[in-house]
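Below: one structure, written as structure tokens.
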Amino acid sequence: MANKNVSVWSSIPFWRRSAAWVTGFASILLVWLTFDSVGQITMGTDADIQKGVTKRVPAPTVINYKIGYKMSAKRGHEVPTIGEKELFFGKEWSPKEAAALLHLGKLTSQSKNCMDCHTLLGNGAYYAPDLTKAWIDPAWQNGGPLQGMTGKNTEEEAMAEFLQHPSQYSTHARMMPNLGITADEAKGLVAFLKHMSSIDTNGFPRNFSKTVETFKAGGSHAH
Amino acid sequence: MLFESFTDVVPSFFGWLNQGPMTLTIFLHTLIILPMFWIYHSEKKKLNK
Amino acid sequence: MLTSIKTNQFEGNKSKELAMMYFRVALILFGAQLLFGLIAAFQFIFPGFLFEVLDFSVARTVHINALVVWMLYAMIGSVYFLMPDETGVETVNIGLGKLAFWVLTAAVTVVVLVFLLIQVGSGTESSIWLINEGREYLEAPRWADIGIVVVVLIFYWNVFATFMKAKVKTGIMTVMVANLMALAGLYLAGMFFTDNISMDQYWWWWVIHLWVEATWEVFVGALAAYALIKLIGAKREIVEMWLWIEVLMLFGSGILGLGHHYFWIGTPEYWWEIGALFSALEPVPLVAMFVHVLYDWGKEQGAAHAKGEVGSVMKNGPAMAWIVLNAFGNFLGAGIWGFFHTLPQVNIYTHGTQFTAAHGHLAFFGAYATILVGMMYIGIQYAYGIKVMKATFKSKMGVFLIAFGVMGMTIALTIAGYEQVLIERAELGGGWNAFFTAQEMPWYIQAQLWRAIMGVVTFVGFIYLVWDMLTIGKAQASQLENAAVVA
Ligand code: HEM
Ligand code: HEM
Ligand SMILES: [Fe+2]
């Protein structure tokens, strides 16, 4: 006999079992998804780059190549491109050397706490520019104001110079402080930034290349 | 949609399910919700006893 | 409250006494959080302020770490407080609990001093072990991480063993015990180093998101359930049924809602759909929690009136005010402000702007600060043996100015975020030049100014709050005594 006064909807055991099921199963799905995602964001190898295999996170040796950011018709947004070879701090880095340099850069980024002023991949603090694609920012390229102010004639040397003496090269009242970054650490940081710019971020930041194009066409909207 | 070439970087199970409009998320929501019907009926049986 | 350790009447309940120790440190750290937030906010307006002395990154690190740590203190305190009531037995090992408290407090002090005085290290592993891990919210160096794990294990063992001794296992305690294990376990996901920034951020979000949008929310659900029973005499069966529904909805949406942080960090595109549609459901339980609190309050009040009782059913005015504010703030800050930017179509523009900061402030405040302050008031009431604690002028000023200030900051930051999204992101496509162009817009600068002003308002409210907490117990306890003498 069904009792009119007891409804499953107000029964604690029903909700308790449902809660346990939903929580448990959502957790299992997350773990499954995590295996898939972690596989996809594991760093590629030098061989991948040479064979032109696209990896979401390329090998550290990507610092030996030109990095671009181009609209992809297939993906519907901009994706990083790995172009022809270019020297990085005047040389080509072996897989071992490149990995060591990236390691130094990542460690320095944490011990100097870049993330509590800047965003990396869009996460962090909002006091200073997002660094996800800083490497391909036209301001750092040949003829750009940031490279120009350091008096260096390659992008990597200009960035490294800035990072070692940021408060000497102020462009705005809001300055980056001197964090005691050494010449080696600065090289590592630049490698870290260049590597980060080669990560496939599904089109974030959007339209970054627009600034590049307008810049190349003789000035950006910013003025 | 289903037969178009794969759009993400690497094909994967979840990537394939993601090819259609909201297919992946509807699939996952359904998987989570469906067994609750069974829980409902088994609780109802218990309550009726 | 700070003086209550000597004047209180703990009736020999050591667990609640331990809870008050945690509450006291939580309140001090809350004050530190606000002070360093003000420093960081002033640096937006006067960039030269403390430049190369105490830089923005240092102020911000202390601001957000004090935030997380004071909340963890208040959460541990709340568990020690409610455990004797929920289990009916005394907490098994108070001595060890006290030891853990002192170890944690010593560790926190050292970490803060290192943040302030040493600030940064060289690019070596030892900097990450000893000085700064440099990952937002998890800046504490590795040695401290390990210390925290040990302290939390002690705490958890205390909770678990007490729970096992209890004759009746209440729903609230069952949820607490299961949830705390997940909460503590998640911390481990943040304790490793990798050269791969995508991998780094992937696991970083496991800690941050699965804390604030899953385990901490469930914790708040359990706490609110306890507080409703305690404050207005809500029926346990109803409250606990709601609690299980909340757990279902919070975990059901929040666990896979994690995907809303995997849109742009290098992870596959399928997260767009998963993140969007699971996180879009996250506000649903928050609405439910809001309705639940108001419904129970109205129902108990109605029932009391029907019985011919006059006045309010509330046994603790200030605590109830903070808990109603919680129901509202959780829904508004997490639910509404979260939903604003949770779809990838929106988030591609708002990601990492002041808009995020607007949401972060209102959500953390609305969902957590409020209810934890409410628990502190419940603690004070108990410590002084007050039957019905009434809000004073100071309690009202505290709750009003803090709520008004945080809401004001949120609105200011939302406007700043809007400018930033349109100018820096939509019009100029991001980058160094785009960033500064937006930062120098007059309306953006005005918004930053208003945020600082509203921050000061918040701080004034905080002073009222502390003043109230220091005096309310003694004043109302002595009123009770006087009334007894007169009668
Ligand atoms: C009490 C609950 C919540 C708290 C305390 C909270 C707090 C935060 C904080 C502090 C951040 C910034 C993290 C950082 O520093 O990078 C954040 C980001 C975010 N939150 Fe929440 N949140 C809550 C609930 C929600 C809900 C319910 C939603 C969605 C409906 C949501 C959506 C988001 C999104 C999309 C971001 C990423 C913003 C970005 O891309 O920059 N949050 N949350
Ligand atoms: C005196 C009042 C306060 C002031 C002046 C203040 C100021 C600030 C500033 C300047 C930042 C850095 C934002 C950025 O990177 O651009 C910040 C971050 C943050 N604050 Fe506050 N704050 C105050 C109170 C609070 C309160 C009451 C809470 C929460 C209970 C809170 C939670 C946070 C969080 C979660 C972040 C990180 C946000 C994110 O990364 O998105 N703050 N605050
Ligand atoms: Fe989240």
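Proteins get letters first, then strands, A, B, ... in listed order; numbering begins at 1 in each. Just so you know, these numbers use all the heavy atoms, side chains as well, and skip hydrogens, waters and symmetry mates.
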Heavy-atom pairs under 4.5 Å with chain A - which of [options] has more of them than the others?
{"options": "C/E136, C/E269, C/M199", "answer": "C/E269"}
{"options": "C/D195, C/V120, C/I255", "answer": "C/D195"}
{"options": "C/I128, C/T267, C/I265, C/N347", "answer": "C/T267"}
{"options": "C/I131, C/V247, C/L256", "answer": "C/L256"}
{"options": "C/Y262, C/W206, C/F263", "answer": "C/W206"}

Below 30° counts as parallel, above 60° as perpendicular, anything between as tilted: where do the rings of A/H103 and C/F193 land?
perpendicular
For the aromatic rings, using the six-membered ring if either is Trp, is the centroid distance between A/Y127 and C/F44 under 6.0 Å?
yes
Any donor-acceptor N/O pair, [X] side chain to [Y] backbone, under 3.5 Å:
{"X": "A/R174", "Y": "C/P47", "value": "no"}
{"X": "A/Q40", "Y": "C/P268", "value": "no"}
{"X": "A/T23", "Y": "C/F251", "value": "no"}

Given that the side chain runs from C-beta out, which part of [X] has a heavy atom under 4.5 Å from chain A: side chain, backbone, both or neither?
{"X": "C/I274", "value": "side chain"}
{"X": "C/I197", "value": "both"}
{"X": "C/A426", "value": "backbone"}
{"X": "C/E139", "value": "side chain"}
{"X": "C/I64", "value": "side chain"}

Would you verify whether the NZ or CZ of C/R60 falls within 45 degrees of the ring axis of A/Y126 while also being under 6.0 Å from that six-membered ring's centre?
yes
I'd like to check A/Q110 versus C/D200 (side-chain heavy atoms, cut-off strictly below 4.5 Å). Are they in contact?
yes
Please name the pair of heavy atoms, one in [X] and one in [Y], separated by the smallest distance, quoted to 0.1 Å.
{"X": "C/F51", "Y": "A/P177", "result": "CZ-CA, 3.6 Å"}
{"X": "C/S198", "Y": "A/V57", "result": "OG-CG2, 3.6 Å"}
{"X": "C/I348", "Y": "A/G203", "result": "CD1-O, 3.5 Å"}

In terms of heavy-atom proximity below 4.5 Å to chain C, should A/T132 be classed as side chain, backbone, both, or neither?
neither
In terms of heavy-atom proximity below 4.5 Å to chain C, should A/L146 be classed as side chain, backbone, both, or neither?
side chain
Quick one, C/F435 with A/H118, criterion ring-ring contact (aromatic ring centres under 6.0 Å, His included). Give me CA distance, side-chain angles, the key distance, then yes/no.
CA-CA 11 Å; C/F435 176 85; A/H118 293 274; 8.2 Å; no
Run the side-chain hydrogen bond (donor to acceptor under 3.5 Å, both in side chains) check on A/N123 and C/W204 step by step: do they pass?
CA-CA 10 Å; A/N123 297 140; C/W204 179 80; over 6 Å; no
